[in-house]
Amino acid sequence: MSNVGKVYLVGGGPGDPGLITVKGTEALRAADVVVYDRLIDPRLLSYAPPRAERIYVGKQSARHTLRQEEINALLVERAQAGQTVVRLKGGDPFVFGRGGEEAETLREAGIPFEVVPGVTSAIAAATYAGIPVTHRGVTSSLAVITGHEDPTKEASSLHLEGLATAAGTLVFLMGVENLPTLVGELLRHGRSPQTPVALVRWGTWPQQETVTGTLGDIVDTLAAREQPFGAPAVIVVGEVVALRERLRWFDNRPLWGKRVLITRSRDQAGRLAHLLAEQGADPIEVPAIAIAPPDDPGPLDDALGRIREYTWVVFTSVNGVAGVFARLEAQGRDARALAGVRVCAIGPATAASLRERGIRPDFVPDAFLTREVAKGLADLGVAGKRVLLPRTDIVGEDLAGALYEAGAAVDQVVAYRTLPAQEIDPEVREQLRAGAIDLVTFTSSSTVRNLVSLLGDDRAVLERCTIASIGPITTRTAHELGLRVEIEAQEHTVPGLMRAILEHVAR
Ligand code: SAH
């Protein structure tokens, strides 16, 4: 067994994909195979290389034991085959995660392993509900307890007589189904009916939900709800729960509970999704457009080969920058190829992506409208000069035309293709039909066109959403397609769009 692999038992955290550890992501990056549970956000899986195999072993509660044995066997088998295995588990692997059993199995099989702790839901769900599990002057101890009853036993298997009053804060995992029994036991063993209680389900997720009460009334409160309050949930018992009133921070942000559809190409969706999530929204990314390399890179290669003949290169998008640098790379060249050529970047994101590649743009127009750009370049003496315009395959000739009018000799070359995405996720379509999406964002005309075409006969569902546009050109396209735009950004950037959305919500 000289080439035996290794198993990493990795805690993926409670839900919010930002709560995995750096070490956990490093293990994922090195994985040949990822064996993951239910309640793992798909975004965590994307840390693993595309070639890595992903095996879902989400447990059904029936046949529990057998499944665990199968998982253990799988880990051993893969490691013996020489693979690097990441066993990705919710929360912390050793907090009611059966990670200890997996580690024992690995030890017995002589397989090297490492355990990467995770942020446990026992603490994080409370934290995201604004409840510190300990607090100076309120509670100095914390007990984490399973609320799961052994179904084979007739009498209650929860032995809370010692625990009920032993710690100031009690956190129960796997306990919502047993809430009445749990509460009964705590009261019977001396905890006051006035003790504050919080139930937090889907802690740290966009659908987090919290119900508070006291030991005396929480069972009735829950029974009176229309919607059942199901797992995954933690039960927090203790005086610290009262701090939520003052310390609530997560589920009271401006866009909390709002589902926002982002129609952008995959590579650019991240920024907007991040900003929206920061404000409490649940961003849903629909890749309405996909970016692809040009069909024929010949003309771009050719232009880059003669780059010194140009006075200006005008980059209109991040994708254009990426496309040009991909070809330079393919030619064995780098940013120095642009030495001596003046560079114009349209939009701050385009400028930033040039700076990342070591190019400080000579000109970044204040406004990104065609005529502003052309006028700015005219002021800089573009007349009579040769200009290279790397662009996508479908945009209009607007900018080229305006530069031409300003007296420049413009060469347009295709640096990337913008393709319509082929289909929309059926789940997203369903949510739109059900009116479950509050806001739809458009960051370019092509995102409007593509979403409308993706929806096909369902396009009328967009009438049920508030539509936010990045600027007048995008808005015009939306109007042409019969959509009503309620929000338009003043500054035509992703942060500008964010600001417009927040202002709209505040009104
Ligand atoms: N190892 C995990 C716990 C696994 S047991 C951890 O450290 O978090 C599964 C139980 O964890 C669920 O029944 C529920 O009580 C709790 N749980 C897991 N994720 C949760 C979440 N996001 N919000 C609330 N409770 C959660």
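Read the numbers this way: they start at 1 and go in the same order the structure lists the ligands and their atoms. Everything numeric here is computed off the predicted structure, so don't read it as measured data.
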Look at [atom] and say which protein heavy atom is nearest, naming residue and atom and giving the distance to 0.1 Å.
atom	result
atom 3 (C) of ligand 1	V95 O, 3.4 Å
atom 14 (C) of ligand 1	A233 O, 3.4 Å
atom 5 (S) of ligand 1	F96 O, 3.5 Å
atom 8 (O) of ligand 1	S121 OG, 2.7 Å

Output the list of atoms in ligand 1 that are nearer than 4.0 Å to some heavy atom of [X], sorted by atom number.
X	result
W202	22 (N), 23 (N)
D92	1 (N), 6 (C), 7 (O)
V234	24 (C), 25 (N)

Are side-chain N/O atoms of [X] and [Y] paired as donor and acceptor at under 3.5 Å?
X	Y	result
R253	Q279	no
T477	S445	yes
T392	T418	yes
T204	D16	no
T214	Q194	no

Ligand 1 to [X] polar contact by distance, N or O atoms, under 3.5 Å:
X	value
V200	no
L173	no
A231	no
G175	no
T204	no
T120	yes
M174	yes

- Looking only at heavy atoms, is any part of A124 under 4.0 Å from ligand 1, and if so is it the side chain, the backbone, or both, or is it neither?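 It is neither part, as no heavy atom is under 4.0 Å.
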- Any idea which part of W205 is under 4.0 Å from ligand 1, heavy-atom wise: side chain, backbone, both or neither?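 Side chain only; the backbone of W205 stays clear of ligand 1.
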- Message: Using heavy atoms and a 4.0 Å limit, tell me yes or no: is G15 in contact with ligand 1?
- Response: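 Not so, G15 does not reach ligand 1.
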- Query: Regarding R201 and the six-membered ring of F229, is the cationic atom NZ or CZ under 6.0 Å from the ring centre and inside 45° of its axis?
  - Reply: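 Yes, R201 sits over the ring of F229.
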- Query: When you look at E488 and T475, which way does the side chain to side chain donor-acceptor pair (under 3.5 Å) test go after all the steps?
  - Reply: CA-CA 7 Å; E488 186 184 280; T475 302; 2.6 Å; yes
- Task: Taking atom CD of E486 as the centre, report whether more than 12 heavy atoms of other residues, nucleotides or ligands fall under 6.0 Å from it.
- Result: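 Correct, the count exceeds 12.
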- Gap between atom CD1 of I284 and atom CD of Q431 - 0.5 Å precision: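 Q431 atom CD to I284 atom CD1 measures 4.5 Å (nearest 0.5 Å).
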- Query: CD1/I20 to CD1/I40 distance, rounded to the nearest 0.5 angstrom?
  - Reply: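 Atom-to-atom, I20:CD1 and I40:CD1 are 7.5 Å apart.
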- When you measure from atom 23 (N) of ligand 1 to each heavy atom in G203, G118, G90, which option holds the nearest one?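 Looking at heavy atoms only, G203 sits closest to atom 23 (N) of ligand 1.
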- Message: Would you say the rings of W256 and F250 are close, in the sense that their centroids are separated by under 6.0 Å?
- Response: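 Aromatic pair counts; centres sit under 6.0 Å.
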